[in-house]
Visitor: 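Mind having a look at this structure? Questions to follow.
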Amino acid sequence: MPGWPESLTGPVLEVAPRLLGAVLRHETADGAVAVRLTEVEAYDGPGDPGSHAYKGMTPRNEVMFGPPGRLYVYFTYGMHFCCNIVVGDEGSASAVLLRAGEVVEGLDVARARRPGVTDRDLARGPARLCRTLAIERASNGADLTRPPLTVTPPEQPLSPYVTGPRVGLRLAAERPWRFWLPDEPTVSPYRPAAPLRNRARK
DNA sequence: CTACCGATATTCT
DNA sequence: GAATATCGGTAGA
């Protein structure tokens with residue numbers, strides 16, 4: 001993907017922390033909104049039991065197997081979109097889930113999209129981040145090197161950062177592949193994987 | 001703040 | 001049929 005930064009290409013465990021502090025910007029008809037990333041998670045290709053790529057390519061995850069610098073958007077729990085940045089070389093299917101951020105541009109537009117939501121919560125969580133940026137199915141596979149969706153890395157890598165377990169997985173949840181910036185109020189609250197629900201019939 | 005629970009598309013068994 | 005990279009509402013401490 002010409003124009004995609006070298007610093008954001010390579011092994012996902014190296015690239016993921018470099019995305020902290022990066023700005024993801026989306027231009028739409030109702031205005032542009034940009035978010036500074038404060039929390040991300042690494043998904044390391046077909047060898048990672050927690051990754052959507054674990055069981056090989058499907059219609060949903062095929063963008064993960066493509067070149068770096070594209071956006072992988074998926075629909076989950078029947079109602080939410082979440083997005084990842086593909087960072088591995090073509091075929092490696094590794095990507096970084098964007099879990100949370102802080103709105104740094106278009107705050108009025110963002111508020112209008114999320115009535116009743118506090119500023120802190122606008123992008124505090126992967127599905128909230130997508131809603132606030134108006135990212136949905138149409139953005140799947142988007143080239144992140146040109147509008148309407150762009151990523152700008154920080155001028156220099158932010159440190160220190162913190163690592164910990166990934167959120168919401170049962171498989172390989174213990175791997176400390178979540179990265180976030182300390183003392184950021186927008187980092188999402190930790191929620192363990194949903195317990196197996198006792199859904200007797202109804 | 002924590003705990004529970006419902007909504008419900010896509011994938012996998 | 002059942003799980004899932006989640007969220008928002010409600011109830012309670």
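The chains referred to below are lettered A, B, ... by the order of the sequence lines, with proteins before strands, and numbering in each begins at 1.
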Visitor: Which part of the nucleic acid, if any, lies within contact of Arg166(A), taking any heavy atom under 4.0 Å across all strands shown: a base, the sugar-phosphate backbone alone, or nothing?
Guide: nothing
Visitor: Please give me the minimum heavy-atom distance between Pro46(A) and Phe65(A), naming the atom from each residue.
Guide: CG-CE2, 4.3 Å
Visitor: Just compare dT11(B), dT6(C), dA5(C) and give me whichever is closest to any side-chain atom of Ala127(A).
Guide: dT6(C)
Visitor: How many angstroms lie between atom CG of Leu158(A) and atom CZ of Arg18(A), to the nearest 0.5 angstrom?
Guide: 12.5 Å
Visitor: Return yes if the base of dA9(B) and the side-chain atoms of Tyr77(A) contain a donor-acceptor N/O pair under 3.5 Å, otherwise no.
Guide: no
Visitor: With Arg113(A), which of Thr132(A), Asp30(A), Asp108(A) fulfils side chain to side chain donor-acceptor pair (under 3.5 Å)?
Guide: Asp30(A)
Visitor: Does Arg137(A) make a side-chain N or O approach to OP1 or OP2 of dT10(B) shorter than 4.0 Å?
Guide: yes
Visitor: Under 4.5 Å between any side-chain heavy atoms of Ile135(A) and Phe81(A), yes or no?
Guide: no
Visitor: Is a side-chain N or O of Arg124(A) found less than 3.5 angstrom from the main chain of Ala100(A), in a donor-acceptor match?
Guide: no
Visitor: Quick one, Ile85(A) and Leu71(A) - any side-chain contact, counting heavy atoms below 4.5 Å?
Guide: yes
Visitor: What are the two closest non-hydrogen atoms of Glu27(A) and Pro147(A), and how far apart are they?
Guide: OE1-CB, 4.0 Å
Visitor: Nearest whole angstrom, please: distance from the P of dG9(C) to the NE2 of His80(A).
Guide: 11 Å
Visitor: Nearest whole Å is fine: how far is dA5(C) P from Leu171(A) CG?
Guide: 8 Å
Visitor: Anything below 3.5 Å on both distances counts as a pair; with that, list the stems of at least three consecutive Watson-Crick or G-U pairs involving DNA chain C.
Guide: B:1-7 with C:6-12, B:9-12 with C:1-4
Visitor: Whole angstroms only, please: what is the CZ-P distance between Phe81(A) and dT6(C)?
Guide: 15 Å
Visitor: Would Val103(A) end up clustered with Trp180(A) when hydrophobic side chains under 4.5 Å apart are linked, directly or stepwise?
Guide: no
Visitor: Which part of the nucleic acid does Met57(A) contact within heavy-atom distance under 4.0 Å: base, sugar-phosphate only, or nothing?
Guide: nothing
Visitor: Over how many whole Å does the gap from His52(A) atom NE2 to dT6(C) atom P extend?
Guide: 9 Å
Visitor: The side chain of Arg170(A) is closest to which nucleotide in this list: dA9(B), dT13(B), dT4(C)?
Guide: dT4(C)
Visitor: Contact list please: residues 98-125 of chain A against DNA chain B, heavy atoms, distance less than 4.0 Å, in numerical order.
Guide: none
Visitor: Considering only side-chain heavy atoms of Arg60(A), which listed nucleotide, dT6(C), dT10(B), dA9(B), is closest?
Guide: dT10(B)
Visitor: Taking only the side-chain heavy atoms of Met79(A) (C-beta and beyond), determine which of dT10(B), dT8(B), dC12(B) contains the nearest atom.
Guide: dT8(B)
Visitor: State whether Arg128(A) places a side-chain N or O below 4.0 Å from either non-bridging phosphate oxygen (OP1 or OP2) of dG8(C).
Guide: yes
Visitor: Glu41(A) has an atom CD; how far is it from atom P of dA5(C), in whole Å?
Guide: 10 Å
Visitor: In whole angstrom, what separates Arg178(A)'s CZ from dA5(C)'s P?
Guide: 15 Å
Visitor: Would you say Asn61(A)'s side chain and Gly56(A)'s backbone share a donor-acceptor pair under 3.5 angstrom?
Guide: yes
Visitor: Using a strict cut-off of less than 4.0 Å between a Lys/Arg side-chain nitrogen and an Asp/Glu carboxylate oxygen, indicate whether Glu41(A) and Arg166(A) qualify as a salt bridge.
Guide: no
Visitor: I need the CH2-C1' distance between Trp180(A) and dA5(C), as an integer number of Å.
Guide: 16 Å
Visitor: dC12(B) P sits how many Å from Asn61(A) CG, rounded?
Guide: 8 Å
Visitor: Compare the ring of Tyr43(A) with the six-membered ring in the base of dA5(C) and state whether they stack (centres under 5.5 Å, planes under 30°).
Guide: yes
